[in-house]
Each structure stands twice: as structure tokens, then as C-alpha cells.
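Contents: one structure, followed by commentary.
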Amino acid sequence: MADDSQRNFRSVYYEKVGFRGVEEKKSLEILLKDDRLGNGESIYIEKLCTFSQRFPLPSMYRILVWKVLLGIIPPHHKSHALVMNYRKEQYWDVHHALRVIRFINDSTPQVDVFLRIHQLESGKLPRNLSFPLVSCCFDSLLSVLANFMLYFYTLYCCWPLSLRYFDVTYPKIFRFLFQPKILEQYLNIEDNRLLMHLKACAAMSKLPYDLWFKKCFAGCLPESSLQRQALFFFPPFVFWDKIISGSCKILVFVALEILLTFKMKIIALTTAEKITQFLENIPQDNTDAIVSKAVDLWRTHCGTPAHSV
């Protein structure tokens, strides 16, 4: 009992002085070490998903947890090095193949290289080199790749993470096409006056939903914020934690918090075009706070998740 009280006191103290996630970091370390699969791999993955949705992932473990959740490496830690070596060899084999058929060269931007790799591995590499690289489908992947490259410096780490995210997680988001209606529902709860203004301007149907939901805010949250690392977490990646662990609904609350944060500016605008233009280029000085508040809203409306929400 004394140990529990002391641990709770430490958690509150760390939270007040700004060191969030200290106790959670210890819990995650215990979970990562306990990778015995006697009870089934799916149970272990579910535990990681639940942890990722309940707490921000410490930055030092984020890549590892994402790899496991996306199926890039198996849960058993003894296999991690071997599997990543296979991934590295796979990357350079495909890279070499694309060079041989002259789809890439030394001057090809790295993001374009990743897109060509995805096309080749998914059987969608065009026969004609002049075929447009970015279609409506690959445009979303391009945005995700650009953001992931800011954080994951190793090519053969960024490559599988980005593509597995696109193959595994993005279909869940794509099926979640009723998000605009859900956004309207929660905006009505949080600020009915703002909702009425958006409807009066006929702006609800013209909000930048593609940027928000299909591209997962990639290009909306600033690069400077993504590049700013913290000891335990930094907010722009907290909502990526939620998405990868199965909660696509967090996207709705990031959009909701953007509307609430810039309420006064939006109400001052009187046309749907001006509102959309503003939301596509929001000020980038307080996006950390927007994501943090969005996570709080998500918890308020959805509760503390015990599984994917």
C-alpha cells in the first residue's frame, strides 16, 4: 500500500514539474521485456495498443513500438535484429532493381524513391517512366512519407514504417468516411455557435477534409514542431501513436480542436472560401498545444480506452 502511494505521489509530482510519462515509461519497459508468446501474440499486441492509446509513447521507444504494431518486426525481441537485417537487405535489393530499370538514379529525391518502391512491391509500377508519380492515391502516402522522414533518419527504417502504415492503417481511415458528420456532432456539443456560423457560411462541406483525414494532417502540423524532440514525448507524434494503435477517431478531435482554437478568427471570416483557405494554412506557433488538447478531448468524449476506439 505504501509503495502504491509513493508511486502515485511520484506520478503527480513528475506531472506538475513537466516530466510527463516517467511512470508510464517504466511500465512500457516492463511490457516490452515481457514478450513471451505463451498466451498468444495477439494478446501482446493488444497490450501494446492499449498502452499506446492510454499514454504518450516515450520517444526512445516509439520506433520500436510502431514497428511491432505495424508488423515490421515480431514481438519477440530476440528476433528484432535479424528481421531488421532482412528489411535492410530487402530495401537495397529493390533499390538496386529500380536503378537497373532506370526508374531512379542518384538525383532522385528520397521520397520519390520510396514511392517507386511502393509501386514496385504492390505491383503498380507503370511500364512507362513518364507516368505521373503522384496520383490521388499516392498523394496521401507522399505526405506521410515527408513527415516520417523528419523523424526516422535510417532509410530502411523510414521505408517500412511509412509503407506499412499506408498499407495497414490507412485503409481503416479510408473506411471511416463519415468523419465529417462525426466532426459536426462533436462541434455541436463543444461550440454550437461556431457550428451555426460555419453552416451559415456553407463552410461545413468545404472544410479541408482531405488534408485532415486522408493525409492525417501531414503538411498541416509544422515541420519545426515535428523536429523538436523532447525527453518523453512531443505532441505531434502523440496522435500518430493513437492512429497506429488503432484509434482513427483521434483525427476528428484534432480537427475539432483546430476549429475551437481559431474560433474567433473563423467567426470573423464570412465566406466558405476564406474559412477553408485559412484552415489550410493555420498559424504554426501553437500546434503542440492543439494536439495535446485534442488528445484530452478524445479522452473526454471516448473515455479511457481498454481497446481500439
Subject >> Single hit among K249, Q185, E190 for side chain to side chain donor-acceptor pair (under 3.5 Å) with H301 >> reply: E190
Original post:
What's the shortest heavy-atom distance between L69 and C49, and which atoms?
Top reply: CD2-SG, 3.6 Å
**OP:** May I ask you to test the F213-C248 pair for a side-chain heavy-atom distance under 4.5 Å?
**Re:** no
Original post:
Taking all non-hydrogen atoms of both residues, which atom of P74 and which atom of S79 are closest, and how far apart?
Top reply: CG-CB, 3.7 Å
Original post:
Any link between I63 and L82 through a network of hydrophobic side chains (Ile, Leu, Val, Met, Phe, Trp, Tyr) touching at under 4.5 Å?
Top reply: no
Original post:
Any donor-acceptor pair under 3.5 Å linking the side chain of S52 with the backbone of D241?
Top reply: no
Original post:
Distance from T108 atom OG1 to L98 atom CG, nearest 0.5 Å?
Top reply: 9.0 Å
Original post:
For the side chain of R99 and the backbone of V94, is there at least one donor-acceptor N/O pair under 3.5 Å apart?
Top reply: no
Original post:
Can you hop from M60 to W66 via hydrophobic side chains spaced under 4.5 Å?
Top reply: yes
Subject >> Any V295 side-chain heavy atom under 4.5 Å of V254 side chain >> reply: no
Original post:
When hydrophobic residues are tied together by side-chain contacts of less than 4.5 Å, even through go-betweens, does Y86 share a cluster with L70?
Top reply: no
Original post:
How many angstroms lie between atom CG of L207 and atom CD1 of I258, to the nearest 0.5 angstrom?
Top reply: 10.5 Å
Original post:
Any side-chain heavy atom of I104 sitting closer than 4.5 Å to one from D112?
Top reply: no
Original post:
How many angstroms lie between atom CD of E184 and atom CG of L256, to the nearest 0.5 angstrom?
Top reply: 12.0 Å
Original post:
What orientation do W92 and H95 show, parallel under 30°, tilted 30 to 60°, or perpendicular over 60°?
Top reply: perpendicular
**OP:** Report the relative orientation of the aromatic rings in F114 and Y91; use parallel for angles under 30°, tilted for 30 to 60°, perpendicular for over 60°.
**Re:** perpendicular
Original post:
Can you tell me if R87 uses its side chain to pair, donor with acceptor, with the backbone of I72 under 3.5 Å?
Top reply: yes
Original post:
Would you say L57 and F51 make side-chain contact, with heavy atoms under 4.5 Å?
Top reply: yes
**OP:** Could you tell me whether the side chain of F262 reaches within less than 4.5 Å of the side chain of I290, counting heavy atoms only?
**Re:** yes
Subject >> Atom CD of E29 with >12 non-hydrogen neighbours under 6.0 angstrom >> reply: yes
Subject >> From CA spacing to verdict: side chain to side chain donor-acceptor pair (under 3.5 Å), S247, W298 >> reply: CA-CA 10 Å; S247 181; W298 172 69; 3.1 Å; yes
Subject >> From CG (L198) to NZ (K206), nearest 0.5 Å >> reply: 12.5 Å
Original post:
Within the distance-only criterion (no hydrogens, no angle test), does the side chain of Q53 pair as donor or acceptor with the backbone N or O of S245 below 3.5 angstrom?
Top reply: yes
**OP:** Mark yes or no for whether H80, through its side chain, and I73, through its backbone, hold a donor-acceptor pair below 3.5 Å.
**Re:** no
Original post:
Does the side chain of T300 come within less than 4.5 Å of F253's, by heavy atoms?
Top reply: no
Original post:
Is there a donor-acceptor pair under 3.5 Å between the side chain of T276 and the backbone N or O of E273?
Top reply: no
Subject >> Interatomic distance, K293 atom NZ to E257 atom CD [nearest 0.5 angstrom] >> reply: 5.5 Å
Subject >> Non-hydrogen side-chain atoms of M204 and L195 separated by less than 4.5 Å >> reply: yes
Original post:
To the nearest 0.5 Å, what is the distance between NZ (K47) and CG (L28)?
Top reply: 13.0 Å
**OP:** Please tell me if the side chains of F278 and P283 come closer than 4.5 Å, counting only heavy atoms from C-beta onward.
**Re:** yes
**OP:** Apply the test side chain to side chain contact (heavy atoms under 4.5 Å, CB included) to residues L259 and D191: give CA-CA distance (whole Å), side-chain angles for both, the deciding distance (0.1 Å), then the verdict.
**Re:** CA-CA 10 Å; L259 294 175; D191 197 316; over 6 Å; no
Subject >> Passing candidate, side chain to side chain contact (heavy atoms under 4.5 Å, CB included) with I182, options L251, L187, V252 >> reply: V252
